[in-house]
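All remarks here apply to the structure that follows.
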There are 2 protein chains.
Amino acid sequence: MQQSLGASGITVSTLAEARVFADHGFDDITWAFPVVLSRVDEAMDLAERVTLRLVVDSLDTLRRLQSTGYPFHVWIKIDCGYHRAGVDPTGEVALKLAHELSESPTLTFDGILTHSGHSYQARGRNALKQVAEEERRTMVEFSERLNRDGAIDVSSISVGSTPALSCVEHLHGVTEVRPGNYALYDHNQTVIGSCSVADCAVTVLSSVVSSQPGMGHCVIDAGALALSKDPGPGDAQPRTMGEIFDDYSSGILQRDFRVTSVSQEHGTVNNPMSVGARVRILPNHSCLAVAQFDEFHVVRGDSILDRWRIWRRR
Amino acid sequence: MQQSLGASGITVSTLAEARVFADHGFDDITWAFPVVLSRVDEAMDLAERVTLRLVVDSLDTLRRLQSTGYPFHVWIKIDCGYHRAGVDPTGEVALKLAHELSESPTLTFDGILTHSGHSYQARGRNALKQVAEEERRTMVEFSERLNRDGAIDVSSISVGSTPALSCVEHLHGVTEVRPGNYALYDHNQTVIGSCSVADCAVTVLSSVVSSQPGMGHCVIDAGALALSKDPGPGDAQPRTMGEIFDDYSSGILQRDFRVTSVSQEHGTVNNPMSVGARVRILPNHSCLAVAQFDEFHVVRGDSILDRWRIWRRR
């Protein structure tokens with residue numbers, strides 16, 4: 001589906017995901033996670049079959065890749081403000097990495113890559129636009145610095161994060177974008193302001209299994225192993241472990257009903273409902289919810305149009 | 001292994017788990033979750049192959065099971081203080097349920113069952129002993145009430161929860177126990193006081209993948225899809241998303257290093273370490289961590305003795 005709409009490559013988080021995409025016709029795969037050194041042999045095997053692009057943010061890792069003698073494709077990962085991983089684009093390590101990589105006799109310097117994960121702290125379209133623009137500018141400026149201070153040409157500039165890209169105004173200088181959550185969206189994204197409830201494509205269908213007289217709650221068969229324990233944005237009010245639809249086709253949530261806690265297979269809803277009632281839940285985090293299941297049911301209204309296998313290998 | 005040590009049945013949370021155990025030689029299976037009405041046909045299929053025991057805590061569900069005409073085995077679920085699911089043992093519904101079930105022409109009344117999930121709020125062995133004793137007494141007293149007020153004999157009394165049973169003093173009157181987490185234990189259980197770190201049998205082995213100069217943290221390849229987002233007990237100090245071993249064979253944790261946050265595949269450790277360093281993590285919640293993987297590696301010291309498949313179907 002992505003390919004028929006023009007996607008020419010794919011980004012993954014794990015080598016297991018990369019292998020699944022390689023087995024299904026994708027031949028240009030970026031493993032957008034700092035290389036796990038114990039998996040370099042596996043990466044080499046996969047790179048024999050497809051163009052596999054690795055991500056590096058340390059000299060140690062770069063040198064280890066170099067020592068294999070294998071012609072890996074390598075991105076340099078830049079910290080554009082998230083401060084989780086990635087090199088500081090104003091520091092010396094970044095320049096040194098780019099030099100060593102571009103002068104490597106074996107490795108190919110693919111370009112520079114970043115992920116504006118701090119967009120998850122922003123709220124509303126204006127704040128997200130600002131994160132997107134800062135991300136873009138940081139990357140273009142770093143590219144210019146490499147050209148100026150190091151005489152290094154950067155062929156590709158890759159940016160990421162669903163919230164930033166859902167609101168980006170322009171991408172001058174950027175050659176590639178890697179949002180991921182946009183394919184399904186979720187409740188977290190609606191709180192951030194990336195999308196509306198009606199844009200969210202994945203829901204968890206659950207049943208009320210226990211409702212005791214005199215109690216203010218009921219229990220459903222969707223717990224942490226369906227919804228995950230993602231607590232949602234810390235500032236979301238009211239706090240929720242999953243929102244409940246009032247009218248799914250119109251994208252309207254019930255105002256006063258939500259999943260307030262999850263244990264392993266049990267979920268607790270803050271209002272009584274009859275045993276057997278079905279509830280359609282908008283999970284906080286669709287990626288983690290989907291990773292608990294083996295199959296998507298592709299629906300339109302009440303009809304199941306298709307079933308798609310979820311490859312949840314590690 | 002459980003069977004060779006004398007276990008004669010097994011308790012599961014889902015029908016998918018029940019089917020796996022049925023496929024592997026277990027013929028007495030309690031599905032200890034309030035019956036999901038949309039799954040009654042599946043339950044019937046499985047009950048053709050093994051003794052499947054269902055759990056009921058509402059008249060609606062009981063009547064629905066009765067309406068199938070199928071000779072299901074049924075436990076009545078009692079609320080012994082957790083207040084999540086289960087009938088109030090002092091109320092009228094409990095008595096009515098027991099009457100209708102014991103007089104059913106088709107259903108078999110297996111007995112009464114409970115789960116002291118509130119033991120997860122208790123701290124220390126004395127508090128856990130008290131929860132265990134309250135659970136036992138509630139069940140025995142309810143059994144006596146059924147006998148006295150309803151002339152109903154209760155053949156089995158089943159209690160649960162790892163924290164309570166790890167400290168229980170005696171089980172007079174109880175015929176069955178169903179702890180689950182004890183097989184692996186985890187960091188949550190050490191905080192509650194059910195076990196020591198050395199009792200914990202499952203760890204997640206991870207690698208440092210990013211460590212930036214000047215930063216106070218490093219990044220590992222174990223995030224929510226390895227450790228889950230279980231935040232641990234709310235009163236645990238310091239807060240952790242996973243503890244890190246200093247010496248695994250002695251059961252000693254590093255005092256100052258821990259996983260402080262997890263995103264999908266990334267984990268953040270609150271101290272720098274070199275890229276490539278391996279860290280062995282004690283997860284907060286072993287059940288949720290294990291459910292993310294396909295395989296156990298059974299180790300002694302540095303040797304892998306065996307690999308066990310994890311059947312994570314839904």
Side-chain angles (χ1 to χ4, degrees), chain A residues 13-14 33-39 57-58 60-61 64 77 79 83-88 91-93 117 120 180 207-215 217-219 221 223-226 228-231 261 263-266 268 274-276 278 285 287-288 291-295 312-314, chain B residues 13-14 33-39 57-58 60-61 64 77 79 83-88 91-93 117 120 180 207-215 217-219 221 223-226 228-231 261 263-266 268 274-276 278 285 287-288 291-295 312-314:
Chain A
S13 303
T14 68
F33 191 86
V35 171
V36 184
L37 290 178
S38 60
R39 293 192 182 272
D57 68 2
S58 81
D60 282 351
T61 307
R64 170 69 192 279
K77 173 148 184 167
D79 178 0
H83 307 320
R84 184 177 65 178
V87 284
D88 173 2
E92 283 315 296
V93 176
Y120 283 82
S207 298
V208 176
V209 293
S210 179
S211 193
Q212 297 305 313
M215 290 282 191
H217 74 273
C218 64
V219 175
D221 67 340
L225 287 175
S228 90
K229 282 210 166 183
D230 195 297
S261 70
S263 33
Q264 200 155 322
E265 297 284 357
H266 298 70
T268 300
S274 308
V275 168
R278 307 302 289 270
H285 191 166
C287 313
L288 296 185
Q292 309 303 321
F293 289 88
D294 297 318
E295 231 180 26
R312 51 174 180 153
R313 290 180 188 159
R314 288 198 74 80
Chain B
S13 305
T14 68
F33 190 84
V35 172
V36 184
L37 290 179
S38 59
R39 292 190 183 273
D57 68 1
S58 82
D60 282 350
T61 308
R64 169 69 192 278
K77 173 149 185 166
D79 177 1
H83 305 322
R84 185 176 64 179
V87 284
D88 173 1
E92 282 317 296
V93 176
Y120 283 83
S207 299
V208 176
V209 294
S210 178
S211 193
Q212 296 305 313
M215 289 282 192
H217 74 272
C218 64
V219 175
D221 66 340
L225 287 175
S228 89
K229 282 210 167 183
D230 195 297
S261 69
S263 32
Q264 200 155 323
E265 297 283 357
H266 298 70
T268 301
S274 308
V275 168
R278 306 302 288 269
H285 190 167
C287 313
L288 297 186
Q292 308 303 320
F293 289 89
D294 297 317
E295 230 179 26
R312 53 173 179 152
R313 289 180 189 159
R314 289 198 73 80

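Below, chain A is the first sequence line, B the second, and so on; all start at residue 1.
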With a 4.5 angstrom heavy-atom cut-off, which part of [X] approaches chain A: side chain, backbone, both or neither?
X: B/Ser207; result: side chain
X: B/Val219; result: side chain
X: B/His217; result: side chain
X: B/His285; result: side chain
X: B/Gln292; result: both

Among [options], which residue forms the greatest number of heavy-atom pairs with chain A at distances under 4.5 Å?
options: B/Ala85, B/Pro231, B/Ala224, B/Gly223; result: B/Ala85
options: B/Asp60, B/Asp230, B/Thr61; result: B/Asp230
options: B/Asp57, B/Val275, B/Val87; result: B/Asp57
options: B/Pro213, B/Ser263, B/Ser228; result: B/Ser263

Under 4.5 Å heavy-atom distance to chain B, tell me which part of [X] shows up: side chain, backbone, both or neither.
X: A/Val93; answer: side chain
X: A/Thr268; answer: side chain
X: A/Arg64; answer: neither
X: A/Asp294; answer: side chain

Quick check for you: to the nearest 0.5 Å, what is the distance between [X] atom [atom1] and [Y] atom [atom2]?
X: B/Asp221; Y: B/Ser210; atom1: CG; atom2: OG; result: 12.0 Å
X: A/Thr14; Y: B/Glu265; atom1: OG1; atom2: CD; result: 5.5 Å
X: A/Gln264; Y: A/Lys229; atom1: CD; atom2: NZ; result: 8.5 Å

Could you walk me through whether B/Asp88 and A/Gln212 pass the side-chain hydrogen bond (donor to acceptor under 3.5 Å, both in side chains) test, one step at a time?
CA-CA 8 Å; B/Asp88 173 1; A/Gln212 297 305 313; over 6 Å; no
Return yes if a side-chain donor-acceptor contact under 3.5 Å exists between A/Arg84 and B/Ser261, otherwise no.
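No - no donor-acceptor pair under 3.5 Å links their side chains.
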For chain B, the option from A/Leu288, A/Val208, A/Asp79 that forms the most heavy-atom pairs under 4.5 Å
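Going by pairs under 4.5 Å, I would pick A/Leu288.
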Apply side chain to side chain contact (heavy atoms under 4.5 Å, CB included) to the pair B/Val35 and A/Val209, showing each step before the final yes or no.
CA-CA 6 Å; B/Val35 172; A/Val209 293; over 6 Å; no
Should A/Ser13 and B/His266 count as side-chain neighbours, where that means a heavy-atom distance under 4.5 Å?
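A/Ser13 vs B/His266: side chains apart.
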When you measure from the side chain of B/Arg313 to the backbone of A/Phe293, do you find a donor-acceptor pair of N or O atoms at a distance under 3.5 Å?
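Not at all, since once roles are kept as given, no pair shorter than 3.5 Å links the two residues.
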